[in-house]
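Presented below is the structure to which this report refers.
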Amino acid sequence: MTFSSWRGTVGLIKPTMRPGSMEETVRLLPDGVGMIPIHQNVRAGTEDEFEAAIQGYHDNALILAEAGVDLIHHSGTPPFMMKGVKGEAALIKKWEREMGVPHFTANQNIVHALTAFGVKRMIGVSYSRLQNDLTIDYMTQAGFHVLAMEPLEVPFEKAGEISPHAVYGLVRDTFLKNPKAEAIYLQGNAWRLLSIVEMMEADFGIPVIETCCALTWEIQKRFHINEPRDGCGRLLREMP
């Protein structure tokens with residue numbers, strides 16, 4: 001299929017039916033970049049459900065590859081984090097060979113963003129104890145020193161209702177206990193945090209890696225686009 005997206009088309013596979021992050025990502029993308037989203041139906045956020053979702057990622061990626069997208073992004077961290085850094089990388093390479101299209105996961109995207117800033121020591125916050133523990137293990141495997149990772153625990157289906165103010169408070173408390181941190185990772189796509197990214201960077205003096213910004217940054221890099229954007233933090237403003 002021929003698309004009118006003259007700078008490239010990305011296929012986006014989301015694990016849940018939640019609105020929010022997909023729309024925010026579309027708004028952040030430069031003109032000429034197209035997106036075809038597919039939403040899966042993860043509901044409970046359990047390990048069994050995340051493991052079962054991998055087959056859905058594969059099958060939906062096949063649909064997107066056959067449609068002719070230039071790049072495929074697998075959103076949602078736990079399903080791939082559960083495979084570990086090496087297992088995830090091997091799976092993605094296998095799918096790339098099978099489908100002939102570049103792929104990258106949300107976890108790989110965050111690692112790339114942190115690496116672009118030269119980060120070694122990081123802190124983070126999440127909205128699930130499971131995602132919290134998986135993130136610590138994965139980021140440690142990826143070579144980072146995770147000084148702290150703190151959850152604002154809520155039922156999985158309620159994660160989108162967490163307020164930016166509550167997240168700011170948790171980030172502040174975590175940073176004050178770990179002042180040697182070189183970056184802050186806001187783990188997960190359910191909460192809406194673009195409004196506080198620049199505030200946190202100004203207050204704490206280090207980069208904040210938010211998922212929609214990180215995805216937009218990497219799509220630009222992979223499509224050889226360089227359009228900095230103000231108001232969303234250093235990653236999109238500086239385009240490292």
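Nothing here was measured: the structure is a model prediction, and the numbers come from that model. Side chains included, hydrogens not; waters and symmetry mates left out as well; all remaining heavy atoms used.
Sorted by first and then second residue, the side-chain hydrogen bond (donor to acceptor under 3.5 Å, both in side chains) pairs with a member in residues 84-102 read H58-E98, E88-T105, E88-N107, E88-Y138; sequence neighbours excluded. Among residue pairs with one or both ends in residues 133-146, none qualify as salt bridge (charged side-chain N to carboxylate O under 4.0 Å, His left out); sequence neighbours excluded.
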Working note: M122 + L114, criterion side chain to side chain contact (heavy atoms under 4.5 Å, CB included); need CA distance, chi angles, decisive distance, verdict. CA-CA 9 Å; M122 59 172 285; L114 290 166; 3.9 Å; yes
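Atom CD of Q108 and atom OG1 of T77 lie 12.5 Å apart (nearest 0.5 Å). The CD1 atom of I110 sits 8.5 Å away from atom CD of Q187, with the distance rounded to the nearest 0.5 Å.
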Solution key, residues 159-170 side-chain donor-acceptor pairs under 3.5 Å, sequence neighbours excluded:
unit_1 : atom_1 : unit_2 : atom_2 : d
S163   : OG     : A166   : N      : 3.0
Y168   : OH     : D203   : OD2    : 2.5

Acceptor/donor pairs from residues 175-185 side chains to any protein atom, 3.5 angstrom cut, sequence neighbours excluded:
unit_1 : atom_1 : unit_2 : atom_2 : d
N178   : ND2    : T174   : O      : 2.9
E182   : OE1    : K120   : N      : 2.6
E182   : OE1    : R121   : N      : 3.0
E182   : OE2    : R121   : NH2    : 3.4

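Using a 4.5 Å cut-off between side-chain heavy atoms of Ile, Leu, Val, Met, Phe, Trp and Tyr, with links allowed through other members, M82 and V146 fall into the same hydrophobic cluster. L29 and L194 end up in different hydrophobic clusters when Ile, Leu, Val, Met, Phe, Trp and Tyr side chains are linked at under 4.5 Å. The same ILVMFWY cluster, assembled from side-chain heavy atoms under 4.5 Å apart, contains both V85 and V119. Cluster membership check: I123 shares its hydrophobic cluster with Y127, using side-chain heavy-atom separations under 4.5 Å among Ile, Leu, Val, Met, Phe, Trp and Tyr.
For T9, the side-chain contact (heavy atoms from CB on, under 4.5 Å) partners are F3, S5, I36, V69, D70, not counting sequence neighbours. Evaluation of the salt bridge (charged side-chain N to carboxylate O under 4.0 Å, His left out) rule for E150 yields no partner, not counting sequence neighbours.
Side-chain atoms of P15 and S75, non-hydrogen and from C-beta on, do get closer than 4.5 Å to each other. A 4.5 Å side-chain heavy-atom check between I136 and M139 finds every atom pair outside the cut-off. Here the side chains of K14 and S21 are in contact, with some heavy-atom distance below 4.5 Å.
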